[in-house]
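Structure first, commentary second.
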Amino acid sequence: MSGSLKNLIAANEALKTEISQRVSDLEHTRSIARISEENPNPVLRISSAGEILYANKPSHILLAYWHAEDGGCLPEDWCASVAESLRAKKTEERELRCAGRWFSLTLQPVVDSDYVNIYGRDITERKEAEDQIVNYDDLTGLPNRALFQDRLNQVLNLAQRSGKLAAVHLVDLDHFKEVNETMGREAGDQLLQGISGRLLECVRTSDTVARLGGDEFGIIQVEPADTDGVSVMAQKLLKCLKDPFEIDGRKVYSGASIGITVFPDDAKDSEDVLRNADLALHNGKGDDRGSYRFYVAQMNEEIQRRRSIEDDMRESLENGDFVLYYQPKLNINSNRITGMEALVRWNHPENGFMSPADFIPVAERSKLIIPLGEWVLQEACSYNKGLLDAGLDPVKVAVNLSPVQFRSEGIVNSVKSILDETGLDPNLLELEITESLAMQNADMSIELCGALADHGVSLSIDDFGTGYSSLSYLKKFPVQRIKIDKSFVDDINSDESSGVIARAVTTLGHAFDMEITAEGVETEDQFCCLRAMDCDEIQGYYFSRPLPASELEAFLRIFEDTWGLKLRQERRQGSSDRRNVTRLRSTI
Ligand code: C2E
Ligand code: CA
Ligand code: CA
């Protein structure tokens, strides 16, 4: 073989090797280039002006979302992010939700170039787990307040645009606290779970049921036909919560109250909606549990009025604008004044004298009744002690206890320390609680009355006949007196049933060793009728109106020395009482 042929073959071999090397290099380069193609996550290259220079297949979901399937530019806010990343030479992270999935996108500026690479990652699972924690209530699995508000905003926007109705029902459980306190937290949790299940059964899939916190649930009702449709839903909700739940083998009753607001009327934003429903709920609670109530625009005015009364009351408590009047009570058997009821009056700096009916309910709701009630108790005890010190015969002073005050913590200690401070004999203090208050949670009332009685204080049941007393309970109450409500006294002569009730209460009370006082006695006929029934004591305009403290003292003195004395003498001599009080009273 010639030398030149050999050279040619060698050159050819070298060429082959080089070609195969180059082919292999090219393959390698191509396979590297395919890395982006093979990546299951989105990878994109974007120029400084926001043009899409490259996008792998999995990016198409993003391109579709950006309406950039055929190339072109990213939306403006993304262009801004790209520019910022290039300017600052910094990696930027953004999250994007599209086509039902979540992506984390990292914008990576490439060194010495004017483009960025975007690397995407599907983070849907993580986001959903986070969302569960952030937006759902652990215990019931229902949407929480944050998600509820979100949905409410969407529904409100829609309602504002379409003009179609929507409603929010705020559901507050009536007896949850009692269950939690008496049966324990676990039972409370079970109750909440049971309730959430029942609520879900009452709604359509497009509605939202959420737990807003504690024992409060919210329901967004979408597109009811009209407000009747909203009422129907509220009734359905109440009904489904009325039946007992079975917890730890016991029947547990929850019951609920509902505040409702309908929108888009009356509300600009979701906060308005919630506030209105809350106003409706709390305007209803207290007086009529177990019912539903719609928000009405006047509620705002009512709240304003209450607030202004509350503010004035606070000031008046400090300035001493409250005064006590005392209404004497006549014992018909002994013809002596043996008691008086303290009745509070508010000498309002602008409105003048105000009746308790106008401010006691406001004080109850705002809890101002606690300091006010304490003041009344203190003032009444110290006044009564003053009468004794001034040499008058002992009389009992009766003080009204409001429901909030009676159930407040420390009521027993408060009464005891006021008696200690004023030095009044506990026998000369009587506390009045209304029949309806006594019978609500009767066992607890009996216990509280017992604790008060242990300090030597007497108790009476006020407005008797207006509540629904269980008579078997009545005898368990350590009370010394029943006060027959004025409504029975009013027509004791004209309406047979009033007379029958008054007589029955008197007989029953006496059988339980209690004294009977008739309230609101205004006429001689009523007086005679009550005396014939063997009623023990009368209170009312017929004998005396409530009097200011100074007048009462004078009244007591004059009565004892003159008319009281005469009445007793005449009674001993057997003369009729019929005209006595009238005659004597006319000279007062
Ligand atoms: P109440 O405890 O039933 O008090 C009796 C009310 O009947 C008093 O009204 C009294 O002035 C009125 N009254 C007495 N005799 C007659 C009568 O012959 N005819 C008529 N028409 N009325 C008569 P008042 O003083 O306006 O008190 C109303 C209610 O306000 C009281 O009803 C009581 O529930 C509450 N209240 C008054 N003072 C206090 C207080 O210091 N604390 C609390 N918690 N409530 C009070
Ligand atoms: Ca009373
Ligand atoms: Ca009364």
Side-chain angles (χ1 to χ4, degrees), residues 287 313 316-317 321-330 339-347 353-384 396-408 411 414-415 418 429-438 458-467 479-492 502 505 516-527 529-530 537-549 551-552 581-582 585:
D287 27 302
M313 276 180 92
S316 281
L317 265 171
D321 296 332
F322 287 98
V323 283
L324 287 189
Y325 273 44
Y326 297 91
Q327 187 173 30
K329 298 185 286 177
L330 178 71
M340 57 186 171
E341 178 172 2
L343 295 159
V344 69
R345 301 285 178 267
W346 183 5
N347 191 3
F353 268 88
M354 277 172 74
S355 134
D358 293 329
F359 62 86
I360 294 276
V362 180
E364 279 267 305
R365 278 175 188 264
S366 63
K367 307 268 188 294
L368 274 171
I369 194 74
I370 307 266
L372 177 65
E374 237 170 56
W375 176 83
V376 169
L377 203 55
Q378 169 89 35
E379 179 67 19
C381 289
S382 101
Y383 175 70
N384 202 16
K396 252 186 197 178
V397 66
V399 172
N400 292 285
L401 282 192
S402 88
V404 171
Q405 210 184 346
F406 182 62
R407 301 239 184 266
S408 69
I411 177 69
S414 161
V415 169
I418 286 173
L429 174 64
E430 183 169 300
L431 299 174
E432 295 191 3
I433 58 168
T434 61
E435 182 194 12
S436 47
L437 167 62
S458 340
L459 286 132
S460 60
I461 297 193
D462 203 359
D463 304 343
F464 195 85
T466 55
V479 300
Q480 286 75 37
R481 184 182 306 285
I482 292 177
K483 297 183 79 176
I484 301 178
D485 190 65
K486 179 175 181 303
S487 55
F488 299 100
V489 175
D490 277 346
D491 37 26
I492 199 163
V505 171
I516 310 298
T517 301
E519 292 190 296
V521 181
E522 290 181 343
T523 68
E524 186 181 322
D525 280 347
Q526 291 166 349
F527 168 70
C529 192
L530 287 157
E537 197 179 65
I538 59 152
Q539 173 180 357
Y541 295 174
Y542 173 61
F543 179 54
S544 168
R545 286 183 175 259
L547 302 171
E551 282 181 38
L552 181 95
V581 179
T582 320
R585 193 181 59 103

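Atoms within a ligand are numbered from 1 in the order they appear, just like the ligands themselves.
For atom 18 (O) of ligand 1, the closest heavy atom belonging to the protein is Y541 N, 2.8 Å. Protein heavy atom closest to atom 11 (O) of ligand 1, with residue, atom name and distance, is P546 CG, 3.4 Å. The closest protein non-hydrogen atom to atom 15 (N) of ligand 1 is Q327 NE2, 3.0 Å. Atom 38 (N) of ligand 1 has V344 N, 3.2 Å as its closest protein atom, hydrogens excluded (heavy atom only). Protein heavy atom closest to atom 19 (N) of ligand 1, with residue, atom name and distance, is E522 OE2, 2.5 Å.
Taking the salt bridge (Lys or Arg N to Asp or Glu O under 4.0 Å) definition, one finds that E537 meets it with K329, R481, sequence neighbours left out. By the ring pair (Phe, Tyr, Trp, His ring centres under 6.0 Å) test, Y325 pairs with no residue at all, sequence neighbours left out.
Taking a 4.0 Å cut-off on heavy atoms, G373 fails to register as neighbouring ligand 1. Not a single heavy atom of Q539 sits less than 4.0 Å from an atom of ligand 1. The closest approach between any non-hydrogen atom of K486 and ligand 1 is below 4.0 Å. Under a 4.0 angstrom heavy-atom cut-off, G520 registers as being in contact with ligand 1.
With ligand atoms numbered from 1 in the order given, ligand 1 contributes 41 (O) to contacts under 4.0 Å with heavy atoms of V376. Proximity to D463 (heavy-atom distance under 4.0 Å) selects the following atoms of ligand 1: 3 (O). Atoms of ligand 1 found under 4.0 Å from any heavy atom of S402, numbered from 1 in the order shown, are 44 (N). Atoms of ligand 1 found under 4.0 Å from any heavy atom of E341 (numbered from 1 in listed order, with element): 2 (O), 4 (O). Short contacts between ligand 1 and G540, defined as distances under 4.0 Å to a heavy atom of the residue, involve ligand atoms 15 (N), 18 (O). Atoms of ligand 1 found under 4.0 Å from any heavy atom of I360, numbered from 1 in the order shown, are 43 (C), 45 (N), 46 (C).
For P356, every heavy-atom contact with ligand 1 shorter than 4.0 Å involves the side chain, none the backbone. At a 4.0 Å heavy-atom cut-off, ligand 1 does not touch R545 at all. With a heavy-atom cut-off of 4.0 Å, L372 does not touch ligand 1 at all. Within the 4.0 Å heavy-atom criterion, the part of V521 lying near ligand 1 is the backbone and not the side chain. Here N400 has heavy atoms under 4.0 Å from ligand 1 in both its backbone and its side chain.
Between the side chains of D525 and T523, not a single donor N or O lies within less than 3.5 Å of an accepting N or O. Counted by atom type alone, N400 and Q405 present zero donor-acceptor pairs between their side chains at under 3.5 Å. Judged by distance alone, the side chains of T517 and Q539 never bring a donor and an acceptor atom under 3.5 Å apart.
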* Asked: Hey, mind stepping through L368 and I370 against side chain to side chain contact (heavy atoms under 4.5 Å, CB included) and telling me if it holds?
  -> CA-CA 5 Å; L368 274 171; I370 307 266; over 6 Å; no
* **side chain to side chain contact (heavy atoms under 4.5 Å, CB included) evaluation trace for L372 with F359** => CA-CA 11 Å; L372 177 65; F359 62 86; 4.1 Å; yes
* To do: May I have the step-by-step check of side chain to side chain contact (heavy atoms under 4.5 Å, CB included) for E374 and S414, ending in yes or no?
  => CA-CA 8 Å; E374 237 170 56; S414 161; 3.5 Å; yes
* Evaluate the criterion side chain to side chain contact (heavy atoms under 4.5 Å, CB included) for residue pair E435 and I482; output intermediate values, then yes/no. => CA-CA 9 Å; E435 182 194 12; I482 292 177; over 6 Å; no
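In this structure, Y326 and Y383 have parallel ring planes: the angle between them is below the 30° cut-off, well short of the 60° mark.
Per-atom contact check: atom 34 (O) of ligand 1 does not touch the protein, criterion being a heavy-atom distance below 4.0 Å. Using a 4.0 Å threshold on non-hydrogen atoms, atom 9 (O) of ligand 1 does not count as touching the protein. Distance screen at 4.0 Å: atom 45 (N) of ligand 1 has a protein heavy-atom neighbour inside the cut-off. In this structure, atom 6 (C) of ligand 1 has no protein heavy-atom contact shorter than 4.0 Å.
Salt-bridge check for E519 with K486: failed, with every basic side-chain N at 4.0 Å or more from each acidic carboxylate O.
Within the 3.0 Å limit, D463 places at least one N, O or S atom next to the Ca ion (ligand 3). Metal site remark for the Ca ion (ligand 2): T434 contributes no N, O or S atom at a distance under 3.0 Å.
Within E341, OE2 is the N, O or S atom that lies nearest to the Ca ion (ligand 2). In E432, the N, O or S atom that comes nearest to the Ca ion (ligand 2) is OE1.
Take the Ca ion (ligand 3) as the corner point: the lines to OD1 of D462 and to OE1 of E519 open at 90°, to the nearest 10 degrees.
Proximity of the aromatic rings of F488 and F464 is defined here by a centroid distance below 6.0 angstrom, and this criterion is not met.
For the pair F322 and M313, the minimum side-chain heavy-atom distance is below 4.5 Å. Side chains of L547 and Q327 form no contact here, defined as non-hydrogen atoms less than 4.5 Å apart. Looking at heavy atoms from C-beta onward, P403 lies in side-chain contact with L437 at the 4.5 angstrom threshold. Residues I461 and T434 form no side-chain contact, since every pair of their non-hydrogen atoms from C-beta on lies 4.5 Å or further apart. Using a 4.5 Å heavy-atom cutoff, the side chains of K483 and D485 are not in contact. Under the 4.5 Å side-chain criterion, counting only non-hydrogen atoms from C-beta, C381 is in contact with L429.
Of the listed residues (V404, L343, D358, L324), the one carrying the non-hydrogen atom nearest atom 4 (O) of ligand 1 is L343. Scanning Q526, E519, Q405, R345 for the heavy atom closest to atom 25 (O) of ligand 1 points to R345.
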